[in-house]
Amino acid sequence: MSCSQVRTILYDYINAYVDEELSTTDHSAIQKHLEVCAHCANEKFQIEQIGNTIHNQFSYSAPYGLKENIRHTITGLADSDINLSNVAKRRFAWRWTYYVIPPVVTAVAAVLLIFSMMPTQDEVMMHNMMEQEIVSAHVRSLMEDNLLHVESKGPQEVKPWFNNRVDFAAQPEDLAADGFSLKGGRLDYLNKHTAASLVYESDDHIINLFVFPTMEADMKSFKNFQNRGYNIVKWVNKGLEYCAISDISLDELNKFARVYRKKITSPN
Amino acid sequence: MSKDTLIQQFENKMLSHMDSAYNLARWITGHDQDAEDVVQEAYIRAFRGFEKYTDINSLSWLLTIVRNTSYNWMKSKHGYRHLIEFDESVHSATDEPGFVGDRSQDFRQDAILNSSRNKDLLHQALKEMPLIFREVIVLHEIEDLSYKEIADIVGVPVGTVMSRLSRGRRRLQKTLASRLSRRNQVEL
Ligand SMILES: [Zn+2]
């Protein structure tokens with residue numbers, strides 16, 4: 001056994017000694033060694049010191065309000081689970097309610113109410129908040145099997161699915177010719193309203209196109225945002241807000257938005 | 001179990017560990033907002049499995065869910081390659097055997113961690129450390145979990161926890177030592 005191998009093993013033992021994970025025999029053997037070897041005693045001291053610093057100073061506490069949010073979510077979840085057992089057949093359609101977070105929604109509603117009374121000044125902040133919501137909804141959709149509530153071979157299957165679930169016209173379109181294939185749809189909750197998400201795929205990248213009612217005026221051109229590494233393209237048309245979000249390039253995403261908007265505005 | 005009892009029990013057993021849950025998610029993801037989202041998601045998952053849950057150690061159970069949720073989150077946000085990169089950087093020169101004290105003159109007992117700047121260096125070093133080391137260090141040093149508990153959460157044998165912890169600490173010591181000596185040279 002080489003010197004460095006011996007030292008590695010010894011170092012492991014000193015670690016386990018500090019952590020009190022050694023058998024009694026090993027523990028006292030190491031202890032005896034530490035009494036006579038300044039080198040190892042120094043190692044032990046450093047391990048302890050780093051450990052103490054990490055323990056005392058590097059821990060994060062949950063932010064204020066998170067517990068309350070989760071408590072409400074859980075309560076809502078228990079309620080919706082009861083609903084579920086009553087109407088088991090509609091389980092799939094109800095899945096989005098797992099993610100409705102009452103206190104957040106209430107807070108958002110309250111903030112929106114305040115904003116509606118003082119319009120210009122805080123628009124920026126409201127945009128940020130919506131962006132956060134959209135990014136979170138997007139990331140959430142990518143986790144495990146959250147992406148699709150209805151899978152499709154084409155728009156004719158997705159459209160009727162949405163008709164029963166949202167009170168506006170979600171318009172799934174086939175954009176395969178332009179490189180964006182329609183995977184299906186999902187329900188989300190944005191801007192205190194149920195939102196339809198049309199899910200597209202482009203070269204293995206997912207695009208969520210969120211559609212939900214808005215009071216905002218029509219927009220002639222697209223607005224682009226970047227948030228937490230995602231690109232967002234937004235526009236408003238006839239009382240509906242459209243938000244496309246993805247990790248594809250902004251150019252590609254703008255192209256997607258152009259293609260989609262052209263399709264829904266031009267009569268077939 | 002009635003709905004109220006269920007919620008009450010969940011509150012006692014699970015919500016009481018929220019700081020630990022947040023701490024782990026925060027150290028894995030590296031961001032406040034991500035950690036909040038992960039903790040929300042993890043608690044939803046925990047609640048769905050709670051009625052069937054029989055585990056005695058509620059903290060380990062919760063942290064296992066938080067860890068899995070964090071990994072899924074990172075995967076969906078940054079792609080799988082991002083996680084792989086952590087693994088690729090695992091075997092590096094800093095893992096070579098040898099005691100830190102052998103080489104560094106600046107890293108003797110009284111010299112370390114006595115100033116807030118040095119603590120910042122340590123914090124930075126831990127933040128930049130590959131995830132597989134970082135998580136065991138956080139679970140052990142901050143949450144005071146035993147090798148066995150960490151082994152259950154991470155899903156590796158106890159011996160692996162021991163060696164990751166040991167190698168992780170050596171990395172921290174070496175990173176700290178080299179940054180301290182670099183800084184001292186600049187100051188001279
Ligand atoms: Zn020795």
Side-chain angles (χ1 to χ4, degrees), chain A residues 2-16 19-21 39-43 45-47 49-55 57-63 66-67 69-71 73-75 77-79 81-82 98-99 101 132 135-136 139-144 206 228-230 247, chain B residues 3 6-7 10-11 15 18-19 21-23 26-27 31-37 39-41 43-44 47-48 69 72-73 75-79 96-102 107-109 112-113 119 122-123 126 137-138 140-144 146-147 158 162-163 165-166 169-170 172-173 176:
Chain A
S2 75
C3 178
S4 67
Q5 277 173 313
V6 175
R7 286 182 164 189
T8 307
I9 294 166
L10 199 51
Y11 187 81
D12 283 349
Y13 267 89
I14 298 169
N15 273 273
D19 298 336
E20 298 185 343
E21 294 269 359
H39 231 114
C40 291
N42 184 33
E43 292 291 345
F45 181 81
Q46 288 182 21
I47 292 165
Q49 215 180 6
I50 286 177
N52 288 339
T53 307
I54 292 174
H55 182 86
Q57 310 199 25
F58 295 173
S59 80
Y60 293 96
S61 310
L66 183 61
K67 192 179 245 175
N69 283 351
I70 290 177
R71 192 178 283 130
T73 309
I74 298 307
T75 315
L77 205 55
D79 287 337
D81 280 348
I82 288 160
Y98 292 168
Y99 296 105
I101 300 151
Q132 286 291 345
V135 174
S136 289
V139 174
R140 214 160 49 211
S141 79
L142 301 179
M143 298 180 73
E144 302 214 325
I206 294 295
R228 290 200 264 162
Y230 291 105
D247 60 348
Chain B
K3 187 192 131 196
L6 185 69
I7 290 173
F10 189 77
E11 187 140 359
L15 288 186
M18 184 161 297
D19 280 338
Y22 182 81
N23 180 61
R26 180 64 180 75
W27 271 110
H31 296 280
D32 293 333
Q33 186 62 47
D34 288 352
E36 269 194 59
D37 288 344
V39 170
Q40 291 254 16
E41 180 75 27
Y43 268 104
I44 290 171
F47 187 73
R48 284 154 142 186
T69 310
N72 283 333
W73 187 267
K75 253 185 258 174
S76 58
K77 200 175 160 186
H78 304 289
E96 279 167 24
F99 283 61
V100 175
D102 292 352
F107 201 64
R108 276 191 293 268
Q109 294 193 8
I112 48 166
L113 301 176
K119 277 169 202 154
L122 178 63
H123 193 265
L126 183 58
I137 288 182
V138 166
H140 183 77
E141 305 291 19
I142 300 182
E143 302 302 335
D144 286 327
S146 70
Y147 289 4
V158 171
M162 172 168 163
S163 84
L165 201 48
S166 168
R169 281 164 167 162
R170 184 158 47 219
L172 280 183
Q173 282 173 279
L176 203 52

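- Interatomic distance, CD of B/Glu143 versus OG of A/Ser59, reported as 7.5 Å (0.5 Å rounding).
- Ring-plane geometry between A/Phe58 and B/His123 is classed as perpendicular, the angle between the planes exceeding 60 degrees on a 0 to 90 degree scale with a lower cut at 30.
- If you measure heavy-atom distances from B/Leu126 to chain A, the contacts under 4.5 Å come from the side chain alone.
- Between the CG atom of A/Leu142 and the CG atom of B/Asn72 there is a distance of 11.0 Å, given to the nearest 0.5 Å.
- Taking CD1 of A/Ile50 as the reference point, atom NZ of B/Lys119 lies at 13.0 Å (rounded to 0.5 Å).
- Across all their heavy atoms, B/Met18 and A/Ala62 have their closest contact at CG-CB, 3.7 Å.
- If you take CD1 on A/Ile47 and OG on B/Ser166, they are separated by 7.0 Å, rounding to the nearest 0.5 Å.
- Taking CG of A/Asn69 as the reference point, atom OH of B/Tyr43 lies at 13.0 Å (rounded to 0.5 Å).
- For a residue to count as touching a neighbouring chain, one of its non-hydrogen atoms must lie under 4.5 Å from one of that chain's; by this rule B/Asp144 touches chain A with the side chain only.
- For A/Glu20, no part lies near chain B; criterion is any non-hydrogen pair under 4.5 Å.
- Put simply, CG on B/Leu122 and CD on A/Gln49 are 10.0 Å apart, with the number rounded to the nearest 0.5 Å.
- A/Thr73 has its side chain out of reach of B/Phe47: every pair of non-hydrogen atoms, C-beta onward, lies at least 4.5 Å apart.
- Using a 4.5 Å cut-off between heavy atoms, B/Ile142 touches chain A through backbone and side chain atoms alike.
- Every residue two or more places apart in sequence or in another chain was checked for a salt bridge (charged side-chain N to carboxylate O under 4.0 Å, His left out) with A/Asp247, and none qualifies.
- Heavy atoms closer than 4.5 Å to chain A are found in both the backbone and the side chain of B/Val39.
- A donor and an acceptor atom, one from each side chain of A/Ser136 and B/Asp37, are located under 3.5 Å apart.
- For the pair B/Met162 and A/Glu21, the minimum side-chain heavy-atom distance is 4.5 Å or more.
- For chain A, no part of B/His31 is nearby; none of its heavy atoms comes within less than 4.5 Å.
- In this structure, B/Gln40 and A/Leu66 have side chains that are in contact, with non-hydrogen atoms separated by less than 4.5 Å.
- Taking the side chain as every heavy atom from C-beta outward, B/Arg169 and A/Ile54 never approach each other to under 4.5 Å.
- By the neighbour-count criterion of 12 heavy atoms within 6.0 Å, atom OH of B/Tyr147 is densely surrounded, having more than that number from other residues, nucleotides or ligands.
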